[in-house]
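All remarks here apply to the structure that follows.
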Amino acid sequence: MERVGWGLFSTLKDALTPALSHWNGRGGKRPAGDRGSIMLCISVAPVSRSLAKADLLNAANQCDLVELCVDHFLKEPDVGDLVKGIPKPILIACRRTQDGGKFEGTDEERMLLLRQAIVAGPEYIELDLEAAAKVPRFGKVKRLIDATSLGGPPDNLDAIFEEAATVHADAIKFAWPTPTFEAAWPLIKLLSQKRSLPVVGLGIGRASLTLALLGRMLEAPWSYAALEKGLESVPGQPTVADLKESYAWDEIGPKTRFVGLVGPLERQTPVTARLLNAAFRQADDRHRCLPLPVQSFDRLLTRLEGLKINSLLVAPNLAVEAARNAGRREGSAEPSGYADLMLRQPDGWTAYNTVWRKALAAAEERIGKKSGDDHPLARRNVLVVGSGGMAPALIYGVQKKSGIVSVTGPDEKAAQQLAQKFSVRHVPFHALYDTLADVVVIADAAIKMGHQKTEINAGYFRSTMLVMDLCSMPDDTELLEEVRARGCKVVEPRDAFRDWVAAQFESVCGKKFPTEVFDEVTGTSP
């Protein structure tokens, strides 16, 4: 359906004229409210008037402030009727396309709609600076000035604050694309600064979740969330369930000690966050998880120190870089060059390699110990498939267990370099099917099962093999399902994940992991 201008009727203008005559533009800046009362704002952006009321009521039951984005409607809405009876404060926005909105009518139509919205008596009306100059203050409606910049952080921040003050702003909202933590950093800095006006931050992209959680800790007036998946007002907006169930938004405050989850925001990240947050809560600990979708470690550690973040759990794709950037590498992090845990000590950041111990302990348990055999992996042929991900950690670990390691992968050059680093045998990927192994370790999420040259064929696996694929912990992979059907022993990702998370938890807060939490959380994970 094509979106068109709404063509608001002249009768609307006539109906509003008496009310508008009371506007004088001299209302001055109203108090913005108590910054200690941090709100969760759910954005509702309906296209249909018939469903809008239900969405508003549903949102009101789960938040402190409801944002109604009227620019998404396909036909002109009756704003007064929509907001009537909603039991929570309302924020109304009508954004132009250049501000990330959907309104495609004329400027006159938008001004009429904004005035209609103000007369409906919301708590806040969102106005860009251009609109704010044309729409004077009316009644008790507070004015949120929208400073969206789709091209990235604006250069003239001080000028924007000065101009917002001249149009009687009560608060100001900055929004720009935040696909990564690096892109969100200037917005995070804004939230942490003392300014003449309260600042609200809205991230557009994957780091929107990070910003919502940090905004809570930094006591921004509110954080934004979507009602549910598919109803986001901007790309990447977290849902209210994401914030409350996985990331414990309600429990975050100025004294929260964040644990950064560094890496891509795949399914493993929210599951890890939900599990650790539940364990922290059970242990009466102030730590909570903060997802950090970073590109690299460039300036990351310095920025995190400014936020008083002293603990990092690092995804496999960044674990080698983490080890390089640490001031000190403890234990196996030094020889393996792999760090999945970083802790800030008084003298700087220390890197640790924890995953190999728990993963290989699970493998040894599946092999079973014989009398007098301290290392079930000793003298067994272990084939590590993949050159990225957990490969360095597991190669190092198998060597420590006296296993006989071979490395292969579709990226021949990277696999050769890895084999040279650890002085182990390199197997060309095309020769994989002529290579016998007692244990096969899928160490890289890039490895897929299939029949292409860069994929591993399920026909390789024999019932005598033990197979470990931890790239999707705690979930199964298609490969594991296939090798089970072929009679292979399998290291269960769920078991390895439980032990690994328990070790991370105990390293971060120094308390014993409450094991009952694991089944409670993972048994109900989607």
Side-chain angles (χ1 to χ4, degrees), residues 36-41 62-64 181 184-185 188 191-192 201 203 206-220 222-225 237-294 300-301 303-315 340-344 497-498 500-518 520-522 524-525:
S37 178
I38 311 304
M39 297 185 289
L40 180 61
C41 177
Q62 303 178 66
C63 69
D64 310 293
F181 177 74
W185 179 247
I188 294 167
L191 294 181
S192 66
R206 297 167 70 203
S208 177
L209 171 60
T210 308
L211 198 64
L213 297 170
L214 280 172
R216 171 80 171 177
M217 186 192 75
L218 296 171
E219 299 185 289
W222 61 79
S223 295
Y224 287 92
Q237 190 174 45
T239 67
V240 63
D242 291 333
L243 289 181
K244 291 190 173 185
E245 295 174 14
S246 293
Y247 291 97
W249 188 88
D250 290 321
E251 302 166 10
I252 293 170
K255 294 184 179 180
T256 297
R257 301 171 66 182
F258 276 127
V259 178
L261 305 183
V262 179
L265 301 186
E266 297 169 342
R267 184 185 181 280
Q268 185 179 354
T269 304
V271 172
T272 302
R274 192 180 309 164
L275 178 57
L276 284 173
N277 283 337
F280 290 138
R281 187 183 308 115
Q282 180 84 356
D284 195 24
D285 188 271
R286 288 187 293 141
H287 285 93
R288 294 297 182 269
C289 292
L290 178 72
L292 296 172
V294 305
L300 174 66
L301 299 180
R303 287 170 173 171
L304 296 182
E305 289 170 15
L307 292 171
K308 298 182 180 179
I309 295 175
N310 299 323
S311 309
L312 300 179
L313 309 188
V314 185
D340 53 22
L341 173 67
M342 297 185 74
L343 300 176
R344 185 167 176 250
F497 180 69
R498 178 195 59 231
W500 175 68
V501 169
Q504 301 279 36
F505 174 88
E506 292 168 8
S507 296
V508 166
C509 69
K511 300 176 182 178
K512 185 173 176 58
F513 181 74
T515 54
E516 67 276 11
V517 165
F518 185 83
E520 292 171 5
V521 172
T522 60
T524 57
S525 336

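Keep in mind the model is a prediction, meaning the values are calculated, not measured.
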> Less than 4.5 Å apart, any side-chain heavy atom of Leu209 and any of Leu243?
Replying inline: yes

>> If we ignore hydrogens and angles and just use 3.5 Å, is the side chain of Asn277 paired with the main-chain N or O of Ser246 as donor and acceptor?
In response: yes

> Excluding sequence neighbours, so at least two apart, what forms side chain to side chain contact (heavy atoms under 4.5 Å, CB included) with Leu341?
Replying inline: Leu313, Leu343, Tyr352, Thr354, Gln504, Ser507, Val508

>> Could you go through Val262 and Phe181, starting from their C-alpha distance and side-chain angles, then the distance that decides it, and tell me whether this counts as side-chain contact (heavy atoms from CB on, under 4.5 Å)?
In response: CA-CA 10 Å; Val262 179; Phe181 177 74; over 6 Å; no

> So, the side chain of Glu506 versus the backbone of Phe513: is there a donor-acceptor pair under 3.5 Å, distance only?
Replying inline: yes

> Would you say the side-chain atoms of Arg286 pair up with the backbone N or O of Lys255, donor to acceptor, closer than 3.5 Å?
Replying inline: yes

> Can you list the steps and then say if Met217 with Leu290 is a side-chain contact (heavy atoms from CB on, under 4.5 Å)?
Replying inline: CA-CA 11 Å; Met217 186 192 75; Leu290 178 72; over 6 Å; no

> In Å, rounded to the nearest 0.5 Å, how long is the span from CZ of Arg274 to CG of Leu276?
Replying inline: 12.0 Å

>> Students often mix this up, so state it plainly: with edges at 30° and 60°, are the rings of Tyr224 and Trp222 parallel, tilted or perpendicular?
In response: perpendicular

>> To the nearest 0.5 Å, what is the distance between OG on Ser192 and CG on Leu307?
In response: 7.0 Å

> Do you know the tightest heavy-atom contact between Leu292 and Gly260?
Replying inline: CD1-CA, 3.7 Å

> Between the side chain of Arg216 and the main-chain N/O of Asp250, is any donor-acceptor distance below 3.5 Å?
Replying inline: yes

> If you measure from CZ on Arg344 to CG on Leu301, what distance do you get to the nearest 0.5 Å?
Replying inline: 9.5 Å

> Atom CD1 of Ile309 and atom CG of Leu300: how far apart are they, to the nearest 0.5 Å?
Replying inline: 8.5 Å

> Any sub-3.5 Å donor-acceptor pair from Ser223's side-chain atoms to Leu40's backbone N or O?
Replying inline: no

> Is the closest side-chain heavy-atom distance between Tyr247 and Arg288 below 4.5 Å?
Replying inline: no

> Which heavy-atom pair separates Leu191 from Gly201 by the least distance, and what is that distance?
Replying inline: CD2-N, 3.7 Å

>> Just to verify, what does Thr256 make a side-chain hydrogen bond (donor to acceptor under 3.5 Å, both in side chains) with, not counting sequence neighbours?
In response: none

> So, for Val240 and Ala225, which heavy atoms are closest and what is the spacing to 0.1 Å?
Replying inline: N-CB, 3.9 Å

>> Under the rule for side chain to side chain contact (heavy atoms under 4.5 Å, CB included), what residues qualify as partners of Ala503, not counting sequence neighbours?
In response: Lys358

> At their closest point, which heavy atom of Val521 faces which heavy atom of Ala278, and how far apart are they?
Replying inline: CG2-CB, 3.7 Å

> Tell me, do Val501 and Phe518 make a side-chain contact under 4.5 Å, heavy atoms counted?
Replying inline: no

> Any side-chain heavy atom of Leu275 sitting closer than 4.5 Å to one from Phe505?
Replying inline: no

> At what distance, to the nearest 0.5 angstrom, does OG of Ser311 lie from CZ of Arg257?
Replying inline: 7.0 Å

> What closest approach, in Å, do Cys289 and Leu261 show between heavy atoms, and which atom pair accounts for it?
Replying inline: CB-CD1, 4.0 Å

> CG/Leu213 to CG/Asp242 distance, rounded to the nearest 0.5 angstrom?
Replying inline: 9.5 Å

>> Trp185 vs Ile188, test: side-chain contact (heavy atoms from CB on, under 4.5 Å). Steps then yes/no.
In response: CA-CA 5 Å; Trp185 179 247; Ile188 294 167; 4.0 Å; yes

>> Show the nearest heavy-atom pair for residues Thr210 and Pro291, with the distance to one decimal.
In response: OG1-O, 2.6 Å

>> Walk me through whether Ile38 and Ile252 qualify under side-chain contact (heavy atoms from CB on, under 4.5 Å).
In response: CA-CA 10 Å; Ile38 311 304; Ile252 293 170; over 6 Å; no

